[in-house]
Structures are given as structure tokens and as C-alpha cells.
Novice: 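Quick one: this structure, given as C-alpha cells, is what I'll be asking you about.
If you read the sequence from its start, that first residue is 1, and numbering goes on from there. Order of appearance sets the numbers: ligands from 1, and atoms from 1 within every ligand.
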Amino acid sequence: MTAPVAATDCDLLITGGPVITLDDELGTIAQGAVAVVDGVIVDVGESSALAGRWRPRERLDTHGGTLVPGFTDQHVHLGSFLRARASATAERSGRSAGLFADGGDIAAIVELVARACAEPLDPRFTYAAARPVLAAMLRSGFTGVVDAGGPAPAGIVEAAKELGIRAAIGPSLADTWSDDGTEAPSRRIDTDAALAAATEFVAATDSTGQNRVVALLSCVDPLACSDELLTGMAELVARTGVPMHAHVNCTANHVPVHRALHGNTPIERLADFGLLGPGTTAMHAVYLSDREVRLLARTGTTVNHNPLGNAFLGFGVAAQKSVPRLTEAGVPVVLGSDTAPNWIPGPFDLIHAALLLQRDAAMDDEALSCTAALAMTVGGAGPLGRGGGAIAPGKLADLVVVGTVGPKFYAAPDPVSAVALQAAGADVTHTIVDGRIVVADSELVGIDAAQLVADWVGARRELDEMR
Ligand SMILES: [Zn+2]
């Protein structure tokens, strides 16, 4: 007779239902369990096996709900939520066609974004704007968010730290654009000053990726960057290892307009400055040559695909069929929303949009699998990719419980289908970041959501009065 093995202490033991690990070896466990120590997953397996091995300080029973890796929205302009409930850009501009119609008025789009990012703004305004958005994101199952750029990022850092979401945030760099969209772009802000501010931000914020909130260098668009600015960004990335991302090859007109000015595409120009690599995410990357696909694959660059926000704007985001070309070439593709400031989607909205658009564009019901769509939404790559993307020992304990019980889930043949096809943000019962439960029984823990909204209304009013 062997002596019983003593159980080991752990912080959290999660049991009670299926576990979709998205790990090649562990797969989906019908009655699974996960043990967590110091914010890191230390054990994954059958519930019966883990029960004897661990003595938890805290237990979480999912009551049949499915445990999945936490979701990451890889493209949100959090600062722009300051303008939530303002009329949409195209409606306000009085244009006869949308800003993105006929391949997009790229000069006007870049000017709009570059100006917004360069706007001097007290960080308390972006802090107030980001907090209700981050609360809504946690509630719908996002454990991570990548800010895609905007003014006063320091306020968003504070909001993310307070709300407990994993986040990559940083200064948005651009120094060159056309004021009226017709004349040639020219230098609008001081390049050295912009680089100095970015260097200071990176020094003040973790650039090693070890903390929950990390620094990120955001290139608004190569179209809006001088050679000097791109050189400075490359030096900062090389010196600090800070991850960076850039809006590239977005609309049909983006590439030809960039080529007319610089003789190459936005992606090729980033490559020329040494800015492609495993630490870089190419945002959008919709209009791609075969050479660019090979370039992205060879350099280990990640691509951020935004099916919902970009289909909404008529990018032709699925029609270009870039996603299957990228995944076939081995380029990691991660999903984002890009719907700010008037729309906060949940992770299941992104999964549905990716599945519907990719399958319709390919006219193939197997063009994108539910598992692949889930994997694109759990943040295994991009600026927050280190340590995420699966439930396995050694991975960060960023986890979500989806309440996959009840009539709505009756028809789903397996847990992956239940989560990818049936679930909605309201079905999320628990959101766990770094091993800490931040949403419990569908309620935010220790967060007064109504107060966050009231604070934003006050900040918005104050800003309107200042202008
Ligand atoms: Zn964007």
C-alpha cells in the first residue's frame, strides 16, 4: 500500500465543467480543472486527478460552465471613447460619400487620426473615458486589450491598472500629414519632441512585458511618419525591446497613395527601417501582395485583423482574402474590434464576424474553423502574446468562464461550438486576470460601474466647455 501524497497549496482551483485549453496536447477536457499559483497556471487536467493534488485557498465551481483562455481585443482606440455619443465622423463632415468610400480618402483619414493622436490633452480625460469601456470589456470576457492609439496614453495606463485588465498602451507617433488632404504632406509636429515623449513613456511603463500593463509604441501610419521618425522608432525598439504596431495597407487607396509618396508600400517601408519582426503587429494589413505576405512571415510579424469594425466601414476586409493567405504562410493573425467610439463589441462578436466573413468570402463552410476563430481571439500573439493564448502549465491565469448551460446551448455538439457559435458576452459568468477574479457571477468585483459612467459624463462635459 502506498502512502497518500500530500496535497500542495494553490491560490485558486477551478472545477465544474469543460476546459477548452487551445493547447495542442491538452485539447478539450470534458470535466476539467485548473490550478493557479501567483497568477500562473500550474496544473491542468481531469477534475478527479487535480482534486487530490491541490489544496486551494479559493475554489471556483463553474457549475457546468466552460473555461476558456481569456480573450484579447487587439485593436481599440480607448482615448476616442471620450467622443462616444458624438455623431459619427462621416455624418458630421457633410460629405456626400463616406470617408472610407471608393477605397477611402486616406489622406483625410490619416489627418483625422494623426491630429487626434497629437492633441494635447490632460490624461485625466482619457482616464475617465477608458474606465467604463474597460469595465464593459471585462464583463464580456476580455482579459486583455491592446490600445491602437490616441492622445494622453498615461490616463489609459492608470485606468487599466485600476480596472485590473491586461493591457498594452503607448504613445501614437506621427509627424507628417496634409492639412486639407490635397496638398503634399508636410511636417506638422516636432519629430525630436515626439520621440523624446515616447522614450519617456516607455521608460516610465514596463517594456519587458512582465507586468499586467505594458508599454507599446504605436505608429499611427507610415504615411504620416517622416524617415527621421521611423529611424527614431527603430532605435527605441532596438534599445528597449518595446513592442510596436502600425496601421498598414488598410484600404484600397492606402497602398497607391503611399507608393506615390515613398515608392513602396507601408509594410515595405516598415521593413526598410527594420520595424518588422516578432515584436511588431501590422494592424489591418488587408491589401497585400504575395511579397508582403512572405515578408511578414519571414520576419515573424503578427497581423491584427478587424472583421467587425472594418466590414462596418466597407474596407473589403474579407473580400481581399488576406487572412487565409497569411495563416497559410504561418503569420499569426489576431482579432480586434476597431469600432470606437460608438460601439464596444464583446469577444463573441469578433468570433462571429470572423467566421461569417471568412466563410462567405471563400464560399467555403470550412474556410475558418471554430477552433481557429477562438484561437485568434485569445491573444496568443501580438503585444500581449507572451504567456497567453492557451490554458496550460506555465501560462498566465487569464481565464473566462462561459455559462454554457441552459436551452440556448442545447444544440451545440461540443464545448468549442457552444462557445464559438452560441455564446454572447452576457453568458460570461467569471473573468479572471492574473489569477484574480474580476468578474464573479456576472458582476464586476469591487467596481461601481454607474460611477464610472457618471465620471465620464462629467469629464466629457468639462472638455466640451473648455473647447
Ligand atoms: Zn485603428
Novice: May I ask you to check whether Asp338 and Asn310 show a side-chain donor-acceptor distance below 3.5 Å?
Specialist: yes

Novice: Could you name each residue pair satisfying ring pair (Phe, Tyr, Trp, His ring centres under 6.0 Å) that touches residues 347-378, not counting sequence neighbours?
Specialist: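 Pairs touching residues 347-378 that pass the test: Phe71-Phe348.
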
Novice: Applying ring-ring contact (aromatic ring centres under 6.0 Å, His included), can you list everything that pairs with His258, at least two apart in sequence or on another chain?
Specialist: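 His258 satisfies ring-ring contact (aromatic ring centres under 6.0 Å, His included) with His262 once adjacent residues are dropped.
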
Novice: Around the Zn ion (ligand 1), how many protein N, O or S atoms are there at under 2.8 Å?
Specialist: 3

Novice: Scan side-chain atoms only and decide if Ser226 and Thr176 contain a donor-acceptor pair under the 3.5 Å cut-off.
Specialist: no

Novice: Name all residues meeting the ring-ring contact (aromatic ring centres under 6.0 Å, His included) criterion together with Phe201; count only those two or more places apart in sequence or in a different chain, and write none if there are none.
Specialist: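 Counting only residues at least two positions away or on another chain, Phe201 forms no ring-ring contact (aromatic ring centres under 6.0 Å, His included).
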
Novice: Among side-chain atoms of Arg187 and Thr191, is any donor-acceptor pair under 3.5 angstrom?
Specialist: yes

